[in-house]
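Worth knowing before you read on, the calculation uses all heavy atoms, side chains too, and leaves out hydrogens, waters and symmetry mates. What you are looking at is a predicted structure, and each value in this text was computed from that prediction instead of being measured.
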Amino acid sequence: MAAPIEVAVCTDSSAQLWSCVVWELHSGANLLTYRGGQAGPRGLTLLNGEYLLAAQLGKNYISAWEVQRKDQLQQKIMCPGPVTCLTTSPNGLYMLAGIAESIYLWEVSTGNLLVILSRHYQDISCLRFTGDSSHFLSGGKDCLVLVWSLCSVLQVDSSRTPAPRHVWSRHTLPITDMHCGFGGPLARVATASLDQTVKLWEVSSGELLLSVLFDVGIMAVTMDLAEHHMFCGGSEGSIFQVDLCAWPGQREKSFQSEQDSGKVFKGHRNQVTCLSVSTDGSVLLSGSHDETVRVWDIQSKQCIRTVTLKGPVTNAFVMLAPVSMLSSDFRPRLPLPHFNRHLLGAEHGDEQRRGGLTLRLGLHQQNVLGGQDQLRIRITELEDEVQNLRKINRDLFDFSTRIITRPTK
């Protein structure tokens with residue numbers, strides 16, 4: 001049996017040559033390319049080792065490719081709005097998408113939209129599942145990170161609003177990235193923010209384990225599989241290595257670039273957008289707005305390979321290539337279903353309620369339906385007003401964020 005191959009999967013915002021490229025991590029040899037659209041940040045994921053999914057930048061659909069049908073767009077998954085982030089559960093059963101400030105949860109086998117979660121106040125920037133698919137996490141521009149129990153979300157009564165298991169509100173500026181370690185409900189989660197901090201949390205208790213302060217905003221974060229080191233990508237291009245075993249019992253730490261110069265990777269000329277570590281913890285992969293993907297030797301902090309793309313890097317991660325990616329005759333076990341854009345049974349339930357109302361009220365049908373029409377018009381007007389207020393709120397928040405994070409001359 002052949003040894004598993006580690007590959008790097010990358011996308012950029014220009015998509016001039018391809019939408020996505022897969023290359024062998026250690027040799028740099030191109031293995032696969034996929035064409036059709038531009039993948040947005042945090043918008044690329046592998047579904048069950050059989051499909052590659054890419055949320056299109058600024059568009060309201062997700063592109064899906066069979067991993068071996070390189071140049072043929074298999075399907076477009078239409079969504080209610082532009083997708084800001086995307087992920088799938090490790091067991092391949094569920095897909096999550098962030099659309100504005102809401103989380104949409106689909107069942108992959110049927111394509112049914114199971115639930116819409118609206119507990120964020122600003123756009124969602126990143127989504128992550130735990131390794132056992134029992135929990136998922138959402139981070140947003142509202143500075144909040146929410147921890148959700150998948151079981152609780154799926155079993156909640158339709159008359160009640162699902163509630164997150166934990167609400168982490170210790171960040172003071174938008175969340176830029178998250179990384180979930182191993183351990184399922186016992187996992188540790190790293191969250192990065194424009195407030196120049198990276199925080200380490202425990203999923204089971206919800207406790208804050210460690211907070212590290214940097215000199216710059218942090219745009220990307222990851223950990224090695226052993227969780228001995230945490231890697232943090234800065235807005236000016238540096239990558240910082242934090243040794244998690246160096247400060248036992250210490251909850252807060254300031255990373256001093258001068259004192260910890262041996263823990264800094266330097267080479268990118270612009271902000272780091274994504275980070276990933278190889279399985280054995282010896283190699284670090286980084287993508288940047290400077291249109292390069294770099295491979296680093298972690299021990300020496302030296303760049304051992306640079307791949308230049310045609311635009312700012314939006315996604316870059318390392319994974320063990322699934323059998324489906326390396327076998328030319330592999331086909332998915334099941335085709336992707338049609339993904340619904342509306343909650344299952346919502347329209348049918350409305351029809352039943354209207355029919356029951358007509359039967360019960362008899363002679364007063366016209367008056368009741370006339371009142372319903374007026375109520376429906378009023379609700380539509382209020383929804384439009386709420387959407388307008390949300391847009392104004394987002395614009396004010398983005399403006400304030402730009403002013404606060406503007407570097408001083």
Side-chain angles (χ1 to χ4, degrees), residues 37 39-48 51-64 74-130 133-142 144-165 167 175 178 180 315 336-350 383 386-387 390-391 394:
R42 317 278 183 260
L44 186 69
T45 186
L46 191 68
L47 174 60
N48 208 25
Y51 293 93
L52 192 65
L53 307 181
Q56 296 302 299
L57 188 61
K59 304 290 182 62
N60 64 335
Y61 67 90
I62 298 167
S63 296
Q74 176 70 9
Q75 185 173 331
K76 286 185 178 179
I77 301 173
M78 303 306 298
C79 299
V83 178
T84 57
C85 51
L86 178 71
T87 192
T88 56
S89 61
N91 60 17
L93 299 181
Y94 302 99
M95 180 177 76
L96 284 175
I99 300 175
E101 65 274 8
S102 298
I103 304 169
Y104 287 68
L105 173 64
W106 282 274
E107 185 179 39
V108 172
S109 60
T110 62
N112 291 335
L113 178 59
L114 301 180
V115 68
I116 303 173
L117 304 172
S118 300
R119 291 296 297 267
H120 283 276
Y121 304 101
Q122 296 290 333
D123 289 355
I124 297 170
S125 54
C126 42
L127 292 165
R128 293 287 184 271
F129 267 99
T130 57
S133 305
S134 65
H135 292 72
F136 61 90
L137 302 97
S138 59
K141 292 184 178 180
D142 55 4
L144 298 178
V145 177
L146 307 182
V147 182
W148 304 85
S149 167
L150 181 61
C151 180
S152 299
V153 167
L154 295 178
Q155 292 184 354
V156 72
D157 191 305
S158 59
S159 62
R160 295 168 51 202
T161 302
R165 179 176 176 180
V167 178
I175 308 299
M178 294 187 299
C180 186
N315 297 277
L336 279 180
H338 170 75
F339 283 78
N340 298 320
R341 286 188 287 176
H342 303 286
L343 288 171
L344 183 63
E347 295 178 357
H348 181 62
D350 289 341
E383 287 177 345
V386 168
Q387 291 297 329
R390 284 178 173 172
K391 182 179 183 302
R394 280 196 297 268

Peer 1: Give the minimum heavy-atom separation between I62 and M95, together with the two atoms involved.
Peer 2: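 Shortest heavy-atom separation between I62 and M95 comes out as CD1-CE, 4.1 Å.
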Peer 1: Is a side-chain donor or acceptor of N48 paired with a backbone partner of L93 at a separation under 3.5 angstrom?
Peer 2: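 No; zero donor-acceptor contacts below 3.5 Å.
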Peer 1: Determine yes or no for a side-chain-to-main-chain donor-acceptor pair under 3.5 angstrom, with R128 supplying the side chain and C180 the backbone.
Peer 2: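 Here the side-chain-to-backbone pair does not exist.
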Peer 1: Using 0.5 Å steps for rounding, measure from the OH atom of Y94 to the CG atom of L114.
Peer 2: 6.5 Å
Peer 1: Indicate yes or no for a side-chain donor-acceptor contact from S125 to the backbone of C85 under 3.5 Å, with no hydrogens or angles considered.
Peer 2: no
Peer 1: For G43, is there any backbone N or O sitting under 3.5 Å from a side-chain donor or acceptor partner on N315?
Peer 2: yes
Peer 1: Quick one: pull up SG in C79 and CZ in R341 and give me the separation to the nearest 0.5 Å.
Peer 2: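 The distance works out to 8.5 Å.
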Peer 1: Within the structure provided, determine whether L336 and L47 are in side-chain contact (heavy-atom separation under 4.5 Å).
Peer 2: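 Yes, at least one pair of side-chain atoms sits under 4.5 Å.
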Peer 1: E101 and side chain to side chain donor-acceptor pair (under 3.5 Å): which single residue from R119, H120, R390 fits?
Peer 2: R390
Peer 1: Find out whether T88 and Y51 are in side-chain contact, i.e. whether some heavy atom of one side chain is under 4.5 Å from a heavy atom of the other.
Peer 2: no
Peer 1: Relative to each other, are the rings of W106 and F339 parallel, tilted or perpendicular (30° and 60° limits)?
Peer 2: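 Perpendicular, since the angle between the ring planes exceeds 60°.
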Peer 1: What is the minimum heavy-atom distance between P162 and W148, and which atoms define it?
Peer 2: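 The pair with the smallest heavy-atom distance is O-CZ3, 3.8 Å.
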Peer 1: May I ask you to test the L150-L105 pair for a side-chain heavy-atom distance under 4.5 Å?
Peer 2: yes
Peer 1: What are the two closest heavy atoms between M178 and V145, and how far apart are they?
Peer 2: SD-CG1, 3.8 Å
Peer 1: Closest heavy-atom contact between L86 and A97?
Peer 2: CD1-CB, 4.1 Å
Peer 1: Using the side chain to side chain contact (heavy atoms under 4.5 Å, CB included) criterion, which residues pair with I116? Sequence neighbours excluded.
Peer 2: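 In terms of side chain to side chain contact (heavy atoms under 4.5 Å, CB included), with neighbours along the sequence ignored, I116 is linked to S102, Y104, L113, S118, L343.
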Peer 1: Between Q75 and P337, is there a donor-acceptor pair closer than 3.5 Å when you use the side chain of the first and the backbone of the second?
Peer 2: yes
Peer 1: List for me each residue that meets side chain to side chain contact (heavy atoms under 4.5 Å, CB included) alongside S149, sequence neighbours excluded, and say none if there are none.
Peer 2: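 With sequence neighbours excluded, S149 shows a side chain to side chain contact (heavy atoms under 4.5 Å, CB included) to H135, C151, S152, given in chain and number order.
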Peer 1: Answer yes or no: is there a side-chain heavy-atom contact under 4.5 Å between S138 and L127?
Peer 2: yes
Peer 1: As an exercise, state the distance from CD1 of I103 to CG of L146, rounded to the nearest 0.5 Å.
Peer 2: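 CG of L146 is found 6.5 Å from CD1 of I103.
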Peer 1: Heavy-atom distance under 4.5 Å between the side chains of Q122 and L144, does that happen here?
Peer 2: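 Not touching, per the 4.5 Å side-chain cut-off.
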Peer 1: To the closest 0.5 Å, what do you measure between CZ (R42) and CD1 (I124)?
Peer 2: 14.5 Å
Peer 1: To the closest 0.5 Å, what do you measure between NZ (K141) and OG1 (T84)?
Peer 2: 8.0 Å
Peer 1: Can you measure from OG1 (T161) to CG (L117) and round to the nearest 0.5 angstrom?
Peer 2: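 Going from the OG1 atom of T161 to the CG atom of L117 covers 9.5 Å.
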